[in-house]
Amino acid sequence: MFKEVNSNPDFPKLENNLLEKWDKNNTVKEYRDKNIDSGKTFSFIDGPITANNPMGVHHAWGRTYKDLFQRFYTMLGHEQRYQNGFDCQGLWVEVEVEKALGFKSKKDIQDFGVEKFVNLCKERVNKYSAVQRDQSIRLGYWMDWEDSYFTMSDENNYSIWGFLKQMNESGKIYKGTDVVPWSGRSGTSYSQMEIIEGRKLVAHKSVFIKFKLKNKNNEYALVWTTTPWTLTSNVSLLVNKNLNYAKCKLKNDEIYYVAEKNIKYQRLEKEFKEKREWVEGVPKLKTIAQLFNERGGYTVEKIIKGSDMIGWEYEGPYDEFKATKIDGGFPFTNEKLKDEKINAIKCHKIYDGGKDQEGNDVVTSGEGTGIVHTAPGCGDIDYKIGQKNNLVALAPLDEEANFIENFDWLKGKNATDSKTIELILEDLKNKDLLFYTELYPHIYPHCWRSGDELVFRLVDEWYINMDWRNDIKKSVDEINWVPAWGKQREHEWLNNMGDWMISKKRFWGLALPIWQFEDDSFYVIGSKEELKKLAVEGWKEFEGNTPHRPWIDKIKIKHPKTGLIGTRVLDVGNPWLDAGIVGFSTLQYRTNKEYWNKWFPADLISESFPGQFRNWFYSYLTMGTAISKKTPTKNIFSYALVRDESGAEMHKSQGNAIWFDDAAEEIGVDVIRWLYTRQNPEINLRFGPSIANEIRRQVIIPIWNIYSFFTNYAILDKFTPPQNLKSPNPTNLMDKWILVEMKETSEMVKEYLKLYQPDKAALSVENFINLLSNWYIRRNRRRFWKSGKFENNTKIDLDKYSAYETLYFVLITLSKIMSPIIPFITDEIYCNLTNEANWKKNSVHLEDFPAFNKKNKDDEQLQIATRAAMRISSLGRSARSKSQIKVRQPINNLLFKSKQQIDPKYLEMIKEQVKDEVNVKNVNIVNENYKLSETNITLNKSVLGPKLGNKMGDLIKELNNLDNDLLIKNLREKDYVNINNIELSIEDFNIEHYNLENTEFIEDNNYEVSIETKLNPSLIDEGSSRELIHNIQNLRKDSGFNISDKIIMTYSSDEYLKNIINKFESHISQEILATNIIFEKSETGDNAFQINNSNIFISLKISN
RNA sequence: GGGCCAGUAGCUCAGCCGGUUAGAGCGCAGUCCUGAUAAGACUGAGGUCCCAAGUUCGAGUCUUGGCUGGCCCA
């Protein structure tokens, strides 16, 4: 016997009960073992989730997909690994630990002790990986939670060592000196990948500075910069040799050189006007001409070419600093220039900016002055130009972005501190070099963790030379990307990216296995074994620890060739190395090649696309291609971002972030999973309670209602599951039809999921649920209500049984095909409905995905006929509402035409259905020539007038002689007619329909429908009786009676209604559950109604 | 400045390979049903499919060029 179904359940509670049940029955294990020897595999390789905080609802989106696809392939019989991954190493973990400890800088960590700090990082990861595991379980994510991989594992780290050694053996690892974005707070450089995360619109104090030209009297190059602190390290100036420069003389006789076009150029005009990329409160920028005019006006004395200025010497703004006088630059020394006794001051000349890598001019007109200050130690382009022009570099900042020695009074001051900027400006003003300061809005890189501005520092970092990127691009081409444009996006990144910076001057992460020697050589270790072999010091302290700082730092090795003793570089690795290696580290690549071959390449990897093209997809593809020489995955499925209900980004600080735990318990995870699955993955998803409520009402509750309807009646009627679960073969056409629809839906879901289009799969299920609920169930309710139980096989009502059998099979099938999406209620439904079946599995999740034959022609005809019945009913109701005849009022006739051929064998079914739906006595199809409406055709003069001009008159005359009906027929058949040698199409006419007498006509693309609006007395009487029943039912409800309460009705009325009641007494009694209807003459009563101009007073009481 | 994606009803979004009069949900107005009942159904109003040109018998759909927004890269 089925368990009775609560028609209004608490879904989150139901989900939690199921979690307990699954746990108790070990269902997940049984699920994982389902296909263990099936011979077919599906390899999903998980992109690790950062185990640093509890999950947000956005994580649940991706995990819903991951679970969905794995469940689907489980149902298709594929063996899988079900391995989840946690991302453990990297700055983001350090940041949280620092926060917890109240640390402000990198130095605090060193003072605290690296070992203690690293251990806290590990603890944090262990803590939150467990939290995320539990949350994932709550989501219904069925993984092998005992077997999750952790990127901090020895295996993962040593696997990366192997990769780096391989890279080094092909000469791809190098130490580069470069100017890189740097966070003073974090004390580390930022990779190309990370810097993109932290771009922010800010208003900086930008300055116009006078650079005094040597050997000229009172002449200056005017220079503009947004980073005044870099002026301390100025080395050269750049112009564009092809631009025109104006020699401007001011009122005070000072002469300024600026690019001619720039003088009147309105900087950031568009941004200011549209207030896009503009910072509130920043005033409009002035033109250079305005600045000159404010100083009393200017005259342009001469126009010269940029090329004429090349070679001019100038005095730098900070030539008094010791650093500028150090030969070879400071603190990095260019030995060649040192030997030539070249210092910064000697470099102070104007150079040509030339072109960048893309072939664009480095110096352009527009913003600024057309003369650019360069500080090769403070900017990446500056550095490249410095190298090209053989210039020294001054790199003024230390790890914390403070000025270093030889920068005189600035020593120890922080470059991003606004006070420092003020001091510099003050100093420039005192030197009379400051021409103008302003606030300038622009997008500038910031530290993604602290929000602090980044600076650019000249430092040593380690890189992988990516000149072999074409190998990766080949892999990219061979992958099926969903969405398809992902391929192009990945190519774009691969084309534009620089070499991969893999080092980070931090503590918690992959220990780069690079040891350096006094002769400036380095050696890359590829495994723990190799390390042990080459170690000459520190092995004892290291042994037993993970390959992390600080333990690993203790080891010194002897170079196998030179015999020199080296120490490890203190850097840790880029965290995307950790995630990129998992195609090997998690698949026993180093120990069991057979296993690895079984599971590599992946069938599927999946992550959210913003970011991943340059992060995980990139590192996975790079490492996968390099090591395996294969394309490392067959499919990449990616999706957009979760936003709040109004489309805004969710932020903790803005209070619109939703926590997963709250969402799960308040909304329920089936609702969440359906919401996620039905979303077009390319589009940002809006998430919130009202959207979730809509999904619950639209999808989850209808399913539940169908299920509870079926089950509760099945209990009453003692319906039991069939001996074998196979598709029924009913004779009832509606049963037949819903099975056709269901099978089609099932096959569509399968196809869509194979194509990685889960949204389409979900939407096709929604469509089916709508048909099932709003047509099949609604139209068939009475078959379930008929009396007669099934318990003792005698006198079974076969039609009633067919309805049960059909709906049962539909529900079981539906629970299967929806189970990958909403694993909770589907299992609830399945388990309850199968609890006595001898063929049952312990869970719907142990079932296979249904397989059905394609629908045949007959099925299709049945589908067409049923759709026709629905549509004609709808048009019939529409006609009723146009002629203001309520559905309660029966009408005599409905006639329809169909453009689509309807199989005659289904005609009777259509008639029956329409009769019932529209409350009409007779329904008939009529042929093409039968007139359902009066039509009037006129010329559309507003269209034809301009086309025909004076021919119109004749045409109008001609038309009057033609048979309207014939004309319309011709137009419909051929789309055009020829009158007076003029070709006219249907658009050239206005066709109006008029109702024939006593009818209401309506049409759509496929059908014409006409209802008879004339009512005879017998119809009116029947209408009155139904009106009466309706009023009494409302009264019952208002009186608070139970649905099953029997009543006694007493009434007083006019003759008319009295007669109606007498005429329809048995029907009325049955409908309102009256045991007795008593007429009692009186002039007043509690409840008065007027029906058809006749009055009635009614009182009801419960009969005992 | 370059690339990608999008622009369809008041809102959120479907619309396949080009094919009659462009759809859904929500919201709004109204009606119905009362044995799925703190549900449910139906009907209606509401659209220059961003603009322009082109290809075509036919364009929301294809092409080109603009405009607007988002993302990515400089």
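Letters A, B, ... are given to chains in the order of the sequence lines, protein chains preceding strands, and every chain is numbered from 1. Any value given below was found using the heavy atoms of this structure, including those in side chains, with hydrogens, waters and symmetry copies removed.
- Across C49(B) and A38(B), the matching P atoms stand 44 Å from one another, rounded to whole Å.
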* To do: In sequence, state the C-alpha distance, the side-chain angles, and the governing distance for Glu649(A) and Arg643(A), and then conclude on side chain to side chain contact (heavy atoms under 4.5 Å, CB included).
  => CA-CA 5 Å; Glu649(A) 277 180 52; Arg643(A) 293 286 164 87; 3.4 Å; yes
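- With sequence neighbours excluded, the residues forming a side-chain contact (heavy atoms from CB on, under 4.5 Å) with Ile691(A) are Glu645(A), Leu675(A), Arg686(A), listed by chain and number.
- RNA chain B is contacted by Lys760(A), Ser773(A), Asn774(A) of residues 756-776 of chain A, taking any non-hydrogen atom closer than 4.0 Å.
- Base orientation of C4(B): anti (glycosidic angle beyond 90° from 0).
- Here the C1' atom of nucleotide A14(B) and the CD atom of Gln679(A) are 12 Å apart, to the nearest Å.
- Comparing A45(B) with A36(B), their C1' atoms are spaced 30 Å from each other, to the whole Å.
- The distance between atom CD1 of Ile777(A) and atom C1' of G35(B), rounded to the nearest whole Å, is 14 Å.
- Atom name P, nucleotides C26(B) and G58(B): the rounded distance is 39 Å, in whole Å.
- Across all strands shown, C71(B) forms a Watson-Crick or G-U wobble pair with G3(B), both key distances being under 3.5 Å.
- Side-chain N/O atoms of Glu744(A) and Gln863(A) include a donor and acceptor closer than 3.5 Å.
- At a cut-off of 3.5 Å, with distance as the only test, a side-chain donor of Trp674(A) or Glu766(A) sits close to an acceptor on the other residue.
- Regarding contacts with the backbone of G44(B), a side-chain N or O of Ser878(A) is found under 4.0 angstrom from either OP1 or OP2.
- The shortest heavy-atom contact between Phe896(A) and Leu894(A) is CD2-CD2, 4.2 Å.
- Taking atom CZ of residue Arg779(A) and atom C1' of nucleotide C32(B), one finds them 15 Å apart after rounding to whole Å.
- Residues Phe456(A) and Tyr383(A) keep their aromatic ring centres 6.0 Å or farther apart.
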Contacts under 3.5 angstrom, residues 702-716 of chain A side chains, donor-acceptor by atom type, not counting sequence neighbours:
unit_1    : atom_1 : unit_2    : atom_2 : d
Trp704(A) : NE1    : Asn6(A)   : O      : 2.7
Tyr707(A) : OH     : Asn832(A) : ND2    : 2.7
Ser708(A) : OG     : Asn705(A) : O      : 3.4
Thr711(A) : OG1    : Tyr707(A) : O      : 2.6
Asn712(A) : OD1    : Val5(A)   : N      : 3.1
Asn712(A) : ND2    : Val5(A)   : O      : 3.2
Asn712(A) : ND2    : Ser708(A) : O      : 3.3
Tyr713(A) : OH     : Trp785(A) : NE1    : 3.4

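- At a non-hydrogen distance threshold of 4.0 Å, Glu694(A), Arg697(A), Gln698(A) from residues 694-703 of chain A come into contact with RNA chain B.
- Rounded to the nearest Å, the gap between the C1' atom of G60(B) and that of C16(B) is 14 Å.
- G18(B) and A39(B) are spaced 43 Å apart, taking the C1' atom of each and rounding to whole Å.
- For C11(B), the paired nucleotide is G25(B), the pair qualifying as Watson-Crick or G-U wobble because both relevant distances are below 3.5 Å.
- Separation of the P atoms belonging to G2(B) and G65(B) is 12 Å when rounded to the nearest angstrom.
- For Trp500(A) and Tyr618(A), the ring centers sit closer than 6.0 Å to each other.
- U37(B) atom P lies 10 Å from atom CG of Asn6(A), rounded to whole Å.
- Taking side-chain N and O atoms only, Asn680(A) has a distance below 4.0 Å to OP1 or OP2 of A14(B).
- Along RNA chain B, the nucleotide nearest to Ser7(A) and the one nearest to Asn684(A) differ in position, and the one closer to the 5' end is contacted by Asn684(A).
- With C1' as the reference atom, A24(B) and G46(B) are 14 Å apart, rounded to whole Å.
- Closest non-hydrogen pair, Trp576(A) versus Ser619(A), comes out as O-OG, 2.9 Å.
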* Passes side-chain hydrogen bond (donor to acceptor under 3.5 Å, both in side chains), Asp717(A) versus Tyr804(A)? Steps please. -> CA-CA 10 Å; Asp717(A) 286 333; Tyr804(A) 268 105; 2.6 Å; yes
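- Across all strands shown, G40(B) forms a Watson-Crick or G-U wobble pair, both distances under 3.5 Å, with C32(B).
- Between Phe617(A) and Phe613(A), the ring planes are perpendicular. Angles over 60° get that label, and only those under 30° would be called parallel.
- Judged by closest nucleotide on RNA chain B, Val887(A) is the one of Val887(A) and Ser873(A) placed further toward the 5' end.
- Rounded to whole angstrom, the span from the CG atom of Asn705(A) across to the P atom of A41(B) amounts to 10 Å.
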* Asked: Please walk me through it: do Met734(A) and Tyr776(A) pass side chain to side chain contact (heavy atoms under 4.5 Å, CB included)?
  -> CA-CA 7 Å; Met734(A) 280 190 290; Tyr776(A) 181 79; 4.3 Å; yes
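- Rounding to whole angstrom units, CD1 of residue Ile691(A) and C1' of C26(B) are separated by 10 Å.
- One can place CZ of Arg643(A) at 16 Å from P of G69(B), the figure rounded to the nearest angstrom.
- Using C1' as the reference atom, A41(B) and A22(B) are 25 Å apart when rounded to the nearest Å.
- Within the structure, every side-chain polar atom (N or O) of Lys886(A) is placed at least 4.0 Å from both OP1 and OP2 of U31(B).
- Phosphate proximity of C42(B) to Arg880(A): absent, as no side-chain N or O sits under 4.0 Å from OP1 or OP2.
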Could I get a table of every N or O pair under 3.5 Å where one atom is in the protein and the other is in nucleotides 2-11 of chain B?
unit_1 : atom_1 : unit_2    : atom_2 : d
G3(B)  : O2'    : Gln488(A) : NE2    : 3.1
G3(B)  : O2'    : Glu492(A) : OE1    : 2.8

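- With both pairing distances under 3.5 Å, A52(B) is matched to U64(B) as a Watson-Crick or G-U wobble pair.
- Between Arg867(A) and Glu741(A), at least one side-chain nitrogen of the basic residue sits less than 4.0 Å from a carboxylate oxygen of the acidic one, meeting the salt-bridge criterion.
- Rounded to an integer number of Å, the gap from Phe617(A) CZ to C72(B) P is 15 Å.
- Residues passing the ring pair (Phe, Tyr, Trp, His ring centres under 6.0 Å) test with Phe609(A), sequence neighbours excluded: Trp485(A).
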